[in-house]
Amino acid sequence: MKIVVDANIIFSALIKGNPVYMKILNNIDAYAPDFIFVELEKYEKRILKKVSNKQRMKEIIYKIFKKISIIPKIGLTKVNIKEAYNLCKDIDEKDTPYVALALELDAYLWTNDKKLTNKLREKGFSKILTTEELIKIIELEEK
């Protein structure tokens, strides 16, 4: 299963250190736009304040990014960028690269952003999953 990973998933994994994120990453083909690095840098100080162990956070980053293929913006078609922008512009424009990559790869978007999830589904974009939904899918596949 191809999945585009939203930055909020990475933030949650870093802050919570929850092994469920690695379990999911071990069971999917994960992708992210290169824009994810912009967001990580932007929120680095906030993440560091919430993480008690900086060394542990570093280890989690290495584990996570060993599992995610990063796709540069140049790999996206203008058609998909435009469609993603139209879907995201009245929700949160910064989510455009994630939605564009999901469209490009015909993949699901993995996010815990409830507003984004609900609004995109209202607009007919159904290839979006929360962590809880992904866990259920993986558990079903393991049976």
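Numbering starts at 1 and runs along the sequence shown.
Closest approach of Leu101 to Ala32, counting heavy atoms only: CD2-C, 3.4 Å. Considering all non-hydrogen atoms of both residues, Pro72 and Ile70 come closest at CD-O, 3.8 Å. Heavy atoms only, all atoms of each residue included: Pro97 and Leu76 are closest at O-CD1, 4.4 Å. Nearest heavy-atom pair, Trp110 versus Thr131, reported as atom, atom and distance to 0.1 Å: NE1-OG1, 2.9 Å.
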**Message:** One pair to check against side-chain contact (heavy atoms from CB on, under 4.5 Å): Tyr31 and Lys2. What are the steps and the verdict?
**Reply:** CA-CA 8 Å; Tyr31 301 86; Lys2 285 192 263 186; 3.8 Å; yes
**Prompt:** Do Lys54 and Leu48 pass the side-chain contact (heavy atoms from CB on, under 4.5 Å) test, and can you show the C-alpha distance, the side-chain angles, and the key distance before you say yes or no?
**Reply:** CA-CA 7 Å; Lys54 197 171 182 178; Leu48 287 172; 4.0 Å; yes
**Request:** May I have the step-by-step check of side-chain contact (heavy atoms from CB on, under 4.5 Å) for Phe37 and Lys42, ending in yes or no?
**Result:** CA-CA 8 Å; Phe37 296 125; Lys42 180 179 179 182; over 6 Å; no
**Request:** Show your reasoning for whether side-chain contact (heavy atoms from CB on, under 4.5 Å) applies to Val5 and Leu25.
**Result:** CA-CA 9 Å; Val5 182; Leu25 288 170; 4.3 Å; yes
Please list every donor-acceptor pair under 3.5 Å in which a side-chain atom of residues 58-69 meets a protein atom from a residue at least two apart or in another chain.
from: Lys67; atom 1: NZ; to: Asn26; atom 2: OD1; distance (Å): 2.9

Counting only pairs under 3.5 Å, give me each side-chain donor-acceptor contact of residues 78-85, with atom names and distances, residues two or more places apart or in other chains.
from: Asn80; atom 1: ND2; to: Thr77; atom 2: OG1; distance (Å): 3.2
from: Asn80; atom 1: ND2; to: Glu104; atom 2: OE1; distance (Å): 2.9

Less than 3.5 Å apart, which donor and acceptor atoms pair up between the side chains of residues 8-15 and the rest of the protein, not counting sequence neighbours?
from: Asn8; atom 1: OD1; to: Asn112; atom 2: N; distance (Å): 3.0
from: Asn8; atom 1: ND2; to: Asp6; atom 2: OD2; distance (Å): 2.9
from: Asn8; atom 1: ND2; to: Thr111; atom 2: OG1; distance (Å): 2.8
from: Ser12; atom 1: OG; to: Asn8; atom 2: O; distance (Å): 3.0

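Residues meeting the side chain to side chain donor-acceptor pair (under 3.5 Å) test with Arg46, sequence neighbours left out: none.
Interatomic distance, OG1 of Thr130 versus CG of Leu116, reported as 12.0 Å (0.5 Å rounding). Once rounded to the nearest 0.5 Å, the distance linking CG of Leu40 with CD of Glu44 reads 8.5 Å. Atom CD1 of Ile137 and atom CD of Glu132 lie 12.0 Å apart (nearest 0.5 Å).
Side-chain atoms of Ile47 and Lys49, non-hydrogen and from C-beta on, never get closer than 4.5 Å to each other. Taking 4.5 Å as the limit, some side-chain heavy atom of Phe125 sits within range of a side-chain heavy atom of Val99. Using a 4.5 Å heavy-atom threshold, the side chains of Ile138 and Met1 count as separate. Between Leu129 and Leu109, every side-chain heavy-atom pair lies at or beyond the 4.5 Å cut-off.
Lys73 contributes no side-chain N or O that, together with a main-chain N or O of Phe35, makes up a donor-acceptor pair within less than 3.5 Å.
The stretch residues 17-38 participates, sequence neighbours left out, in these salt bridge (Lys or Arg N to Asp or Glu O under 4.0 Å) pairs: Lys23-Glu142. Residue pairs that meet the salt bridge (Lys or Arg N to Asp or Glu O under 4.0 Å) test with at least one member in residues 106-128, sequence neighbours left out, are Asp90-Lys123, Asp106-Lys127, Arg121-Glu133.
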